[in-house]
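Naming: A, B, ... by sequence-line order, numbering from 1 per chain.
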Amino acid sequence: MLTIYNTKTRKKEAFVPLREGRVSMYACGPTVYDFFHIGNARAFTVFDTVRRYLAYRGYQVTMVQNFTDIDDKMIRRANAEGITVQDLAERFIAEYKTDAAALGIAPADIHPRATHHIPEMIALIERLLDKGVAYVAEDGVYFSVEDYPAYGQLSGRNLSDMEAGARIDVDEKKKNPMDFALWKMEKPGEPAWDAPWGRGRPGWHIECSAMSMKYLGETIDIHTGATDLIFPHHENEMAQSEAATGCTFVRYWVHNGFINIDNVKMSKSEGNFFTVRDIVGQYNPEAVRLFLLSAHYRSPINFTRELVQSATAALQRLHNARDTYQSLAASAPERPLSPADEAFMAALPKAREAFVTAMDDDFNTADALGAVYEFVREANRYLPAAPKACAKAALALLGELCSVLGLFYRQQSDIPQEVLDMAEARQLARKARDFAEADRLRAAIAAAGFALEDTPQGPKLKKA
RNA sequence: GGCGCCAUAGCCAAGUGGUAAGGCAAAGGUCUGCAAAACCUUUAUUCCCCAGUUCGAGUCUGGGUGGCGCCUCCA
């Protein structure tokens, strides 16, 4: 049974979707004003893994991830570059796709953009005005937290606590300092859309509510994001959505922990700010993904060179296993299964079960990886003497489990003909017992960027 | 000040009150022309400290200590 830790109740709960066999998911996407950073990457990797696992468990998953393409940062950056907000958005949506693909993050079913959904947002704001939980002020339309008693439910705060610590902009024309903007009235030089109460642009929170409702309905199963979004973003989304519809907005709120860099919070001012674009130049992005999955998604993790290198070595172990099973699946003898073979085959479903049990426990990828490594060790030990059917079954299981975690997505790079020629020449030299020449050729292959290993199935080439 | 989280080996990390998974690193061995990979062996009598509950505590309770997050349109 799948259980999910729900931020709203602060407990692990049995997962029961609204509609049997289907899951609706909404993930807060990037504000497309720049390349996304390693912290974003964790949030995206988490929802991608959740999605993959739900699909693996047989659910038909519909996932929406928005692009926030209008806000202060967008406007500032577009002005700085002397381009339109729209051009900026186009550029970084494309860059998002490049970096997400590098990390094995599959595209959502729908990637709505905030600026393409202004009418939906206006309609939602009107509903809130009609219900008396929002009001029009001089500089915008605000949600009135005092008129919505459930405010604070998600983050576990109450209004008086929040007001005590609130730092507020005195210029804003709000009734209560905790009121938040649904709509911001037009300022000179900013993009603006017509609305019944005046030209302007939407607030951040209303975007997600409107797009989530449009594509997934008034109640969705899972909404993901990093912990910092719990307050105010998700609190506000929930308040405005539930105030408008009168029904539950999100059944399971899922929040991932933060990444520190060398034990320090990542920030531009600390000079430890890394975009994924920076990182994929230095590390194998698939290893970065494995690193991100090596701890539970709710724990904070520490990004260091040493830990990514450790993940790189672990990933190599999985790739080596796959390559070995692949060649054994091609070259191992075909014969009837012996009792030992049968025992090996019988252990495969048990390995899968261990993996599923781990993932069922609030997507415990660290524990699930433990199950994968244990299976790999057993298969590595048994397969060299096993028939083809065992190798095929092990290869299939390894591929199955790793793809649930979003690993094994990278294409094998093509090996240049000259490298293949050198490998062949080396085999001839080895047959002739000219090991000096064989070693020289292996060094030349290494210089060309490829590692050559001799295996019982013959020499194996891979990119270094 | 309010709300909340965390502490397990050299590093990372999982852990349902029943006797400490797994990965990386390190050391020794097997195999191999050598290397690599792979496998085997070794590496926490103990889970930050102190009390308590219990037949039994890494796990529950209380109190310390240390670290961290949110309360800023930061993922």
Any strand counts, and the cut-off is 3.5 Å on both contacts for Watson-Crick or G-U wobble. Which nucleotide pairs with [N]?
| N | value |
| --- | --- |
| C3(B) | G69(B) |
| U53(B) | none |
| C48(B) | G64(B) |
| G17(B) | none |

In whole angstrom, give me the gap between the [atom1] atoms of [N] and [M].
| N | M | atom1 | answer |
| --- | --- | --- | --- |
| G22(B) | C70(B) | P | 35 Å |
| A14(B) | A26(B) | C1' | 22 Å |
| A38(B) | C47(B) | P | 33 Å |
| C40(B) | A21(B) | P | 16 Å |
| U59(B) | U46(B) | P | 15 Å |
| C49(B) | G10(B) | C1' | 23 Å |
| C68(B) | G63(B) | P | 22 Å |
| U41(B) | U16(B) | P | 27 Å |

Within this structure, what is the [atom1]-to-[atom2] distance between [X] and [N], rounded to whole angstrom?
| X | N | atom1 | atom2 | value |
| --- | --- | --- | --- | --- |
| E306(A) | C24(B) | CD | P | 14 Å |
| Q309(A) | C24(B) | CD | P | 14 Å |
| D262(A) | C12(B) | CG | P | 12 Å |
| F180(A) | C71(B) | CZ | C1' | 16 Å |
| I230(A) | C5(B) | CD1 | P | 11 Å |
| Q427(A) | A35(B) | CD | P | 17 Å |
| N320(A) | A37(B) | CG | P | 8 Å |
| K462(A) | A36(B) | NZ | P | 12 Å |

May I ask you to evaluate whether [X] reaches the phosphate of [N], defined as a side-chain N or O under 4.0 Å from OP1 or OP2?
| X | N | answer |
| --- | --- | --- |
| K73(A) | C74(B) | yes |
| R317(A) | G23(B) | yes |
| K265(A) | C70(B) | yes |
| S299(A) | A14(B) | yes |
| R381(A) | C40(B) | yes |
| N380(A) | A37(B) | no |

Is the F92(A)-F35(A) ring centre distance short of 6.0 angstrom?
-> yes
Check whether the side chain of [X] and the base of [N] form a donor-acceptor pair under 3.5 Å.
| X | N | result |
| --- | --- | --- |
| D439(A) | G33(B) | yes |
| R442(A) | C34(B) | yes |
| R426(A) | G33(B) | yes |
| N158(A) | C3(B) | no |

Basic-acidic side-chain contact under 4.0 Å: [X], [Y]:
| X | Y | answer |
| --- | --- | --- |
| D72(A) | K187(A) | no |
| D34(A) | K73(A) | no |
| K12(A) | D362(A) | no |
| R277(A) | E95(A) | yes |

NA contact type, [X], heavy-atom cut-off 4.0 Å: base, sugar-phosphate, or nothing?
| X | answer |
| --- | --- |
| T455(A) | nothing |
| N263(A) | nothing |
| S155(A) | sugar-phosphate |
| F231(A) | sugar-phosphate |
| I259(A) | base |
| R430(A) | base |
| Y373(A) | sugar-phosphate |
| H37(A) | base |
| A314(A) | sugar-phosphate |

Nearest non-hydrogen partners of D278(A) and F273(A), listed with the distance =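 D278(A) and F273(A) have their closest heavy atoms at OD2-O, 4.1 Å.
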What nucleotide, of U72(B), A35(B), C39(B), holds the atom closest to the side chain of M178(A)?
-> U72(B)
Residue mapping more 5' on RNA chain B - nearest nucleotide basis, E453(A) or G156(A) = G156(A)
Given that H296(A) and A321(A) both sit by RNA chain B, which one's nearest nucleotide is further toward the 5' end?
->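 It is H296(A), whose closest nucleotide lies nearer the 5' terminus.
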Going by atom types alone, do T68(A) and E207(A) pair a side-chain donor with an acceptor below 3.5 Å?
-> yes
Can you list the steps and then say if R377(A) with Y373(A) is a side-chain hydrogen bond (donor to acceptor under 3.5 Å, both in side chains)?
-> CA-CA 6 Å; R377(A) 194 177 59 236; Y373(A) 293 126; over 6 Å; no
Tell me, with the steps shown, if H319(A) and F408(A) meet ring pair (Phe, Tyr, Trp, His ring centres under 6.0 Å).
-> CA-CA 8 Å; H319(A) 282 180; F408(A) 286 6; 5.3 Å; yes
